[in-house]
Trainee: 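My questions all concern the structure below.
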Amino acid sequence: MNFRFLLIILSFIIIGFSGGWIARGWLVSGSIVSNPTIVESIHPKTQITINNKRTGLAKEFTNTDSPVTDISPQNKRDSITEPKNDGVAVFILFNKLLGAHRYDEAMDLYQQQYNEQVIFELKGVVLDHLQRLLSAQDQNNFSELANLFLAVYYDDIDVLLLLAHFNNINGLYMEAINIYQLSNSYAYSNVQQQKVLASFNQFVESIDRFYTEKEDWFSLINLYTHIDAVGLLTSHYQYRQAIIHHKSGDNFSAIEQLKQLEDDSLVGGQAMEALEKLTGSNIQPNNPWQGAERVALQQRGNQYLVDLGINRRDNVTLLIDTGASMTTLSRSSFLSLNSNNQAVKVGQRLFQTANGVVKGAVYSMPQLTIGSFAMRNVQVAVLDFTMSSGVDGLLGMNVLGQFRFQIDQDNTSLYLNKK
């Protein structure tokens with residue numbers, strides 16, 4: 001009897017033990033372990049659940065470290081580890097690299113991805129991070145990340161438009177127009193074209209309003225002239241430019257421009273009405289060049305060079321470029337200045353050049369002189385580019401825009417009047 005009782009007990013033990021292993025196998029091969037909503041974190045004791053509006057994956061951190069929290073320099077290398085082979089861990093690591101401003105490593109990680117959904121998520125993170133840098137006015141980090149991204153994805157409309165906005169809020173209006181022109185050339189779909197157009201129109205309207213409130217008609221004329229030069233001047237903007245010519249006292253240019261618009265389907269009626277008022281009035285144009293100072297120019301082909309004094313110790317020869325927001329020196333010319341140690345570095349920015357978007361250092365110069373006019377604390381960009389012999393850089397609108405200016409091609413002269 002006892003022997004039979006022991007056999008029954010032993011049988012129950014064996015069945016229970018076997019059932020446990022079978023159940024464990026079901027759990028391992030089933031939804032509990034393979035469920036992608038529970039993953040192991042970079043930190044051993046952290047688990048992350050995913051359910052996010054952007055990713056569809058929810059984030060919940062059981063430890064105190066956030067993937068977007070900035071990391072102190074001494075702990076950066078230790079606290080960021082290699083990514084796991086899943087999108088969630090890549091997403092977390094990418095956030096950490098951006099938070100630590102390790103943009104080169106972040107972009108290396110970005111380029112290693114082949115899953116379209118993961119790339120889409122990381123692109124959203126890049127845009128959010130750039131937007132936060134814009135809001136924080138962190139020019140250096142914005143320039144570094146945007147430069148690294150556009151060096152590979154040069155035709156990315158979203159990042160280019162953020163760069164245009166960056167130039168806008170920093171007062172680099174001509175550079176912003178150049179980026180809009182570049183964005184327009186890369187807008188391959190109707191959706192992209194409409195996005196670029198909407199952003200550009202908003203930009204132009206805001207700058208027009210800014211200069212109109214100051215009654216700075218010459219800066220507005222220069223703005224629309226550059227828009228025309230890059231091929232973005234619509235008939236609506238051409239009509240607006242004609243009205244601004246009239247407000248500045250240049251009725252001759254206003255009339256000539258309005259005549260070109262008489263048959264336009266969009267603004268023809270307005271142009272004919274404005275033209276009738278101007279030609280039927282006795283308004284006499286002012287002479288904005290009365291008392292202007294003449295500065296001699298050198299001509300090279302269809303371009304003009306002018307001498308500029310720097311800090312009372314140096315002279316440079318610059319190519320006049322009304323399409324450049326900022327006066328620019330080549331790095332070799334800057335380093336050869338006797339007074340370069342007086343320049344104060346204020347940051348880095350991105351500039352549109354013939355070779356694409358490039359990053360350059362921006363310095364504040366204590367004094368610049370052109371003709372008899374002296375300007376203090378003027379910003380100058382220093383870029384790695386090669387100019388033709390005898391040319392040190394470009395004279396941009398941050399200098400020219402302080403004057404009413406006119407280039408007299410017949411007499412090879414630049415006429416300047418203070419606004």
Trainee: Check whether the side chains of Gln303 and Gln299 place a donor and an acceptor atom closer than 3.5 Å, and report yes or no.
Mentor: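 No pair is found: no donor N or O on one side chain lies under 3.5 Å from an acceptor on the other.
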Trainee: Does atom CD (Gln202) have a neighbourhood of more than 12 heavy atoms from anything else shown, all under 6.0 Å?
Mentor: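 No, the 6.0 Å shell around CD holds no more than 12 heavy atoms from other groups.
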Trainee: For Met272, does the CE atom have more than 12 heavy-atom neighbours from other residues, nucleotides or ligands under 6.0 Å away?
Mentor: no
Trainee: Give a yes or no on this: more than 12 heavy atoms of other residues, nucleotides or ligands lie within 6.0 Å of atom CZ of Arg312.
Mentor: no
Trainee: Consider only side-chain N and O atoms of Gln241 and Gln257, and report whether a donor and an acceptor are under 3.5 Å apart.
Mentor: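 The criterion, which ignores hydrogens and geometry beyond distance, is satisfied for Gln257 and Gln241.
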Trainee: Are Tyr103 and Tyr110 an aromatic pair by the rule of ring centers under 6.0 Å?
Mentor: no
Trainee: Between Lys123 and Asp158 (salt bridge meaning N to carboxylate O under 4.0 Å), is one present in this structure?
Mentor: yes
Trainee: Is it true that, when you exclude Asp263 itself, more than 12 heavy atoms of the residues, nucleotides or ligands shown sit nearer than 6.0 Å to its CG?
Mentor: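 Atom CG in Asp263 is not crowded, with 12 or fewer foreign heavy atoms closer than 6.0 Å.
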Trainee: For Asn411 and Tyr415, work out which heavy atoms get closest and say how close.
Mentor: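 Here Asn411 and Tyr415 meet closest at ND2-OH, 4.4 Å.
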Trainee: Could you tell me whether Tyr114 atom OH has more than 12 heavy atoms of other residues or ligands within 6.0 Å of it?
Mentor: no
Trainee: For Phe218 and Phe405, I'd like to know if the aromatic rings sit close, meaning centre-to-centre distance below 6.0 Å.
Mentor: no
Trainee: Taking the cut-offs as 6.0 angstrom to the six-membered ring centre and 45 degrees off its axis, would you call Lys418 and Phe403 a cation-pi pair?
Mentor: yes
